[in-house]
Chemist: 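First the structure, then my questions, so here it is.
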Amino acid sequence: MCGIVGYIGQKNAAPILIEGLRRLEYRGYDSSGVCTITNGSLLLRKCAGRVEKLAERVQQEPMEGVVGISHTRWATHGSPTDENAHPHLDQSGRIALVHNGVIENYDRLKQRLIACGHTFKSVTDTEVLAHLIGEHYEKASAAPATGMHPLTQAVVNALKEVIGTYGIAVISCDHPDIMIGARRGSPLIVGVGNGENFLASDANAIVAHTRQVIYLNDYDVVTLTRDSYSHTSLGSNTPALQISQIEFDAEAAERGGFAHYMLKEIFEQSRSLENALRGRIDHDDAMPRFGGLNLTTAELREVDRVVITACGTSWHAGLVGEYLMEEFAQIPTEVEYSSEFRYRNAPLDKHTLILAITQSGETLDTLAGLREARRRGHKVLSICNVVGSTIARESDGGIYLHAGPEIGVASTKAFTSQVAVLSLLALLMGRIRNLSPHRAHAVIKALEAIPDLITLTLKQNQNIQRIAAKYADCADFLFLGRGYNFPVALEGALKLKEISYIHAEGYPAAEMKHGPIALIDEKTPSVFVAPRDALYEKTFSNIEEIKARKGPVIAIATEGDEQIARKADDVIYVPSTLDPLFPLLGVIPLQLLAYHIAVIRGCDVDKPRNLAKSVTVE
Ligand code: AGP
């Protein structure tokens with residue numbers, strides 16, 4: 001996810017563009033840049049680091065110009081460096097572009113452009129798009145007039161070649177009186193001002209200047225002047241542009257109108273799941289594909305043991321990964337707390353694969369475990385969300401989540417994206433062994449249906465808020481699940497304890513009889529993750545054991561399951577899916593339950609006491 005701002009008007013553009021980036025920095029903050037049109041040429045400033053660093057650069061070297069674009073980056077291709085920062089220029093250096101999204105076919109386009117003599121300064125997919133627009137601009141300028149501005153025509157023709165997602169803003173020093181915006185899959189809005197117009201990733205960047213906005217639809221292409229806008233579309237029958245009024249204030253806009261980042265990120269999980277899967281499945285062979293493992297198929301096939309090292313929520317995702325790896329690939333897998341793994345003298349041999357899982361890519365215990373394993377000559381893969389993070393850079397290979405910035409300290413969308421990536425990795429390891437294409441096809445089909453099922457699950461939000469109100473004063477909770485849902489129970493307990501400060505423990509449901517059941521009384525709720533899966537009857541018996549001791553039961557159940565509704569005090573229904581994929585749905589009610597209880601208890605949901613988003617101490 002990245003932040004884009006564009007301005008065309010009568011004021012000095014640079015301050016407006018940089019202030020807009022400050023308001024969008026939650027969308028990405030590893031590098032930033034700004035470009036304005038000055039005296040018939042493009043003036044460009046960009047650097048790795050936070051927006052403040054860019055602001056200082058521009059203050060030291062002021063930028064003139066009343067037309068410009070700016071960008072704060074969340075790296076998807078290429079580490080956060082000055083060269084990879086946006087804006088990017090075309091071959092001629094007279095067209096500038098900023099982009100939010102992923103151009104999936106960028107490599108093929110890049111090779112074709114190189115063959116035509118193009119040279120590139122960065123490793124980003126975005127720079128390829130800038131050059132593609134430049135190539136089409138040359139053709140559009142030489143072709144007979146089409147009634148469309150040649151720069152707009154160039155953007156339209158270039159986007160027709162693109163596979164992937166984009167939200168872009170484009171300017172050219174050959175046409176200082178226009179700015180072009182286009183979107184597919186990434187948000188982009190037009191801000192309609194008085195003698196000035198704006199482009200932005202979301203309303204927060206421009207609400208200080210105008211509350212009149214146009215929310216662009218996929219395939220829209222808009223051409224803005226300081227006093228007008230015109231619209232064309234790459235799709236069929238897309239609706240006409242409509243001006244709306246921004247309702248929420250700037251502060252709320254930063255969270256997309258949500259009360260907290262955590263809630264926003266819970267509700268982003270349909271899209272973040274799509275991002276985790278995007279471009280990684282070869283449907284013909286029912287084979288997942290990863291670009292950055294840096295291990296050959298033969299090397300992957302030699303792996304005879306997997307050791308997962310992680311902390312907290314990432315450790316819970318790793319636990320799901322253990323079940324997935326054993327189910328799909330029959331590879332012995334164990335999950336170690338990084339803080340333990342780094343000090344143990346675990347016997348590892350050359351065919352042991354170490355897999356570090358981390359949202360931030362900076363957790364010191366996980367980094368230390370990775371370094372220890374590499375010191376002993378082992379290959380280490382990492383599953384990270386932050387591109388260019390320390391763990392990502394020090395791994396032999398890895399897989400990025402592409403979940404976008406996760407700001408709330410309590411990890412939510414990272415967990416589901418980690419489980420999705422682990423599902424693909426386990427399928428890959430299985431398919432190069434003896435997992436049948438038929439079985440793999442079935443799992444892939446179910447996995448690709450998950451984003452829509454997440455959207456359905458999120459509709460339980462109000463029901464969950466009602467249930468949260470019933471139990472917000474309880475002092476202790478148990479979370480219980482079996483098989484794939486045991487890690488989900490652990491994750492639910494962690495979510496609750498870390499943001500509501502209520503004591504909560506997760507257990508395998510069957511383990512309850514070996515001690516925890518002594519805790520059960522009328523004031524101690526047990527949350528069961530109890531879908532209609534292979535272990536349902538066993539889990540149902542555990543629910544009956546709790547009810548026999550008057551313990552309240554909250555059940556996360558498969559929609560349509562009436563039997564459990566006759567036994568549990570409260571039920572949260574989620575859609576049905578394959579047993580191995582249920583964690584992707586079952587965790588969402590637990591995230592929302594913890595969130596609403598914490599809000600009712602007046603806790604600081606996004607910044608809980610004693611915690612930090614990235615634990616870089618040991
Ligand atoms: C999860 O909600 C917590 N914020 C914490 O347990 C976190 O998962 C853990 O610190 C690991 O962080 P990482 O994924 O960035 O390595």
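Since the model is a prediction, treat every value here as computed from it, not as a measurement. All ligand and atom numbering here is 1-based and tracks the order in the structure.
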Chemist: Pick from Leu480, Asn542, Val571, Ile546: which one makes a side chain to side chain contact (heavy atoms under 4.5 Å, CB included) with Val553?
Modeler: Ile546
Chemist: Between Tyr484 and Tyr323, is any pair of side-chain heavy atoms under 4.5 Å apart?
Modeler: yes
Chemist: Do any nitrogen or oxygen atoms of Lys495 come within less than 3.5 Å of a nitrogen or oxygen of ligand 1?
Modeler: yes
Chemist: Is there any N or O on Gln359 that sits under 3.5 Å from an N or O of ligand 1?
Modeler: yes
Chemist: Among all protein heavy atoms, pick the one closest to atom 9 (C) of ligand 1 and tell me residue, atom and distance.
Modeler: Cys311 O, 3.9 Å
Chemist: Relative to the heavy atoms of Thr313, which atoms of ligand 1 are at a distance of less than 4.0 Å?
Modeler: 1 (C), 2 (O), 6 (O), 8 (O)
Chemist: Taking Ala410's backbone N and O only, do any of them form a donor-acceptor pair with Lys495's side chain (distance below 3.5 Å, no angle check)?
Modeler: no
Chemist: For a side chain to side chain contact (heavy atoms under 4.5 Å, CB included) with Ile556, tell me which candidate from Ile588, Ile572, Leu585, Ile564 qualifies.
Modeler: Ile572
Chemist: Determine, stepwise, if the pair Leu295 / Asp396 fulfils side-chain contact (heavy atoms from CB on, under 4.5 Å).
Modeler: CA-CA 8 Å; Leu295 288 173; Asp396 294 294; 5.9 Å; no
Chemist: Any idea which part of Glu498 is under 4.0 Å from ligand 1, heavy-atom wise: side chain, backbone, both or neither?
Modeler: side chain
Chemist: To check your reading of the model: name the closest protein heavy atom to atom 4 (N) of ligand 1, its residue, and the distance in Å.
Modeler: Val409 O, 2.8 Å
Chemist: Is it the case that the side chain of Asn100 and the backbone of Cys2 share a donor-acceptor pair, with hydrogens and angles ignored and the cut-off at 3.5 Å?
Modeler: yes
Chemist: Tell me whether Glu265 contacts the main-chain N or O of Ile407 through its side chain, where contact means a donor paired with an acceptor under 3.5 Å.
Modeler: yes
Chemist: Applying a heavy-atom cut-off of 4.0 Å, say which part of Thr358 lies close to ligand 1: side chain, backbone, both or neither.
Modeler: both
Chemist: Looking only at protein heavy atoms, which one is nearest to atom 16 (O) of ligand 1, and how far off is it?
Modeler: Thr363 OG1, 2.5 Å
Chemist: Could you tell me the residue and atom name of the protein heavy atom closest to atom 15 (O) of ligand 1, and the distance to it rounded to 0.1 Å?
Modeler: Ser360 OG, 2.7 Å
Chemist: Report, in ascending order of atom number, the atoms of ligand 1 lying under 4.0 Å from any heavy atom of Ser411.
Modeler: 1 (C), 2 (O)
Chemist: Would Ala410 count as being in polar contact with ligand 1, using the rule that some N or O on each side must be under 3.5 angstrom apart?
Modeler: no
Chemist: How long is the gap from CG on Leu425 to CD on Gln418, to the nearest 0.5 Å?
Modeler: 13.0 Å
Chemist: Could you find the nearest protein heavy atom to atom 10 (O) of ligand 1 and give me its residue, atom name and distance?
Modeler: Val615 CG2, 3.9 Å
Chemist: Could you tell me the separation between the OG atom of Ser314 and the OH atom of Tyr337, rounded to the nearest 0.5 Å?
Modeler: 12.0 Å
Chemist: Could you tell me if any non-hydrogen atom of Thr366 lies under 4.0 Å from any atom of ligand 1?
Modeler: no
Chemist: Restricting to non-hydrogen atoms, name the atom on Arg466 and the atom on Asp570 that form the minimum distance, rounded to 0.1 Å.
Modeler: NH1-OD1, 3.9 Å
Chemist: Using a strict 4.0 Å cut-off to heavy atoms of Ser314, name the atoms of ligand 1 that fall inside it.
Modeler: 8 (O), 13 (P), 14 (O)
Chemist: Tell me: protein heavy atom nearest atom 6 (O) of ligand 1, and distance?
Modeler: Gly312 CA, 3.2 Å
